*Asks:* 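The structure under discussion is supplied below as structure tokens; questions concerning it will follow.
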Amino acid sequence: ENLGVYKVETQGDGYQAICGAPVATDQHAELMAEFALKMLETIPTMRSIFEREDFDVRVGINSGPIVTGVIRADRPRWQLFGDTVNYASRLESTSIPGKIQVSRTT
């Protein structure tokens with residue numbers, strides 16, 4: 001949260017984060033890139049903690065409009081929807097491990 005990047009959810013081994021919402025910022029791309037670089041810096045430590053040399057991270061960054069909603073009454077949480085979210089997910093899933101893939105629109 002120091003960079004204005006907020007965790008939205010984890011699904012399996014995926015981590016979804018957002019920057020520029022709910023408070024808009026013109027520096028959302030730079031802040032998200034800095035966050036991604038900091039994630040990559042943790043890889044050696046995580047490999048040591050989990051005792052797995054194959055531990056790695058793939059990152060996909062995209063910018064654009066989204067639709068958000070709060071779901072679940074018992075444990076409220078954000079949910080993100082839209083092509084922007086889907087494209088970021090595709091960037092992550094097709095990225096090379098240990099690399100950051102950024103869309104041209106970002």
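These numbers come from a predicted model, not from an experiment.
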*Asks:* Hydrophobic cluster membership, with links at side-chain heavy-atom distances under 4.5 Å among I/L/V/M/F/W/Y: are Y87 and Y15 in one?
*Replies:* no
*Asks:* Going by the side-chain hydrogen bond (donor to acceptor under 3.5 Å, both in side chains) test, which pairs reach into residues 22-37, not counting sequence neighbours?
*Replies:* H28-S63
*Asks:* Any chance you could measure I66, atom CD1, to Q79, atom CD, to the nearest 0.5 Å?
*Replies:* 11.0 Å
*Asks:* What is the distance from atom CD of E9 to atom CG of L80, rounded to the nearest 0.5 Å?
*Replies:*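 One finds 7.0 Å between CD of E9 and CG of L80.
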*Asks:* Got Q16 and V85 here, is their nearest side-chain heavy-atom distance under 4.5 Å?
*Replies:*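 Result yes, sub-4.5 Å side-chain heavy-atom pair found.
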*Asks:* Would a single hydrophobic cluster contain both I43 and I49, if residues Ile, Leu, Val, Met, Phe, Trp and Tyr are joined by side-chain heavy-atom contacts under 4.5 Å?
*Replies:* yes
*Asks:* I'd like to know if the side chain of Q101 and the backbone of L91 have a donor-acceptor N/O pair within less than 3.5 Å.
*Replies:*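 Yes; judged by distance alone, with no hydrogens or angles, the pair exists.
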*Asks:* Among pairs that include at least one residue of residues 36-51, which meet side-chain hydrogen bond (donor to acceptor under 3.5 Å, both in side chains), considering only residues two or more places apart or in two chains?
*Replies:*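 Pairs touching residues 36-51 that pass the test: R47-D56.
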*Asks:* Heavy-atom count around D83 CG within 6.0 Å, excluding the residue itself: above 12?
*Replies:*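 Atom CG in D83 is not crowded, with 12 or fewer foreign heavy atoms closer than 6.0 Å.
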*Asks:* Side-chain heavy atoms nearer than 4.5 Å, only ILVMFWY residues, links allowed to pass through others: does that put I96 and V57 together?
*Replies:* no
*Asks:* Give me the atom names and distance for the closest heavy-atom approach of G4 to C19.
*Replies:*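 In this case the closest contact between G4 and C19 is O-SG, 3.5 Å.
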*Asks:* Please report the closest heavy-atom contact between V5 and A17, naming both atoms and the distance.
*Replies:*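 Smallest heavy-atom distance, with atoms named: CG1-CB, 3.7 Å.
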*Asks:* Kindly give the heavy-atom pair with the smallest separation between I61 and A36, and that separation in Å.
*Replies:*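 Scanning both residues, the minimum pair turns out to be CD1-CB, 4.1 Å.
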*Asks:* Shared ILVMFWY cluster between M39 and F50, side chains joined below 4.5 angstrom?
*Replies:*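 In one cluster: yes.
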*Asks:* Can you tell if the side chain of V59 reaches within under 4.5 Å of the side chain of S95, non-hydrogen atoms only?
*Replies:* no
*Asks:* Hey, what else clusters with F81 if you join Ile, Leu, Val, Met, Phe, Trp, Tyr whenever side-chain heavy atoms sit under 4.5 Å?
*Replies:* V67
*Asks:* For the CD1 atom of I18 and the CE atom of M32, what is their distance to the nearest 0.5 Å?
*Replies:*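 Those atoms lie 7.5 Å apart.
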*Asks:* Can you list the steps and then say if N62 with R90 is a side chain to side chain contact (heavy atoms under 4.5 Å, CB included)?
*Replies:* CA-CA 10 Å; N62 189 31; R90 299 306 168 268; over 6 Å; no
*Asks:* What residue among S89, S103, P65 forms side-chain contact (heavy atoms from CB on, under 4.5 Å) with T84?
*Replies:*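 That would be P65.
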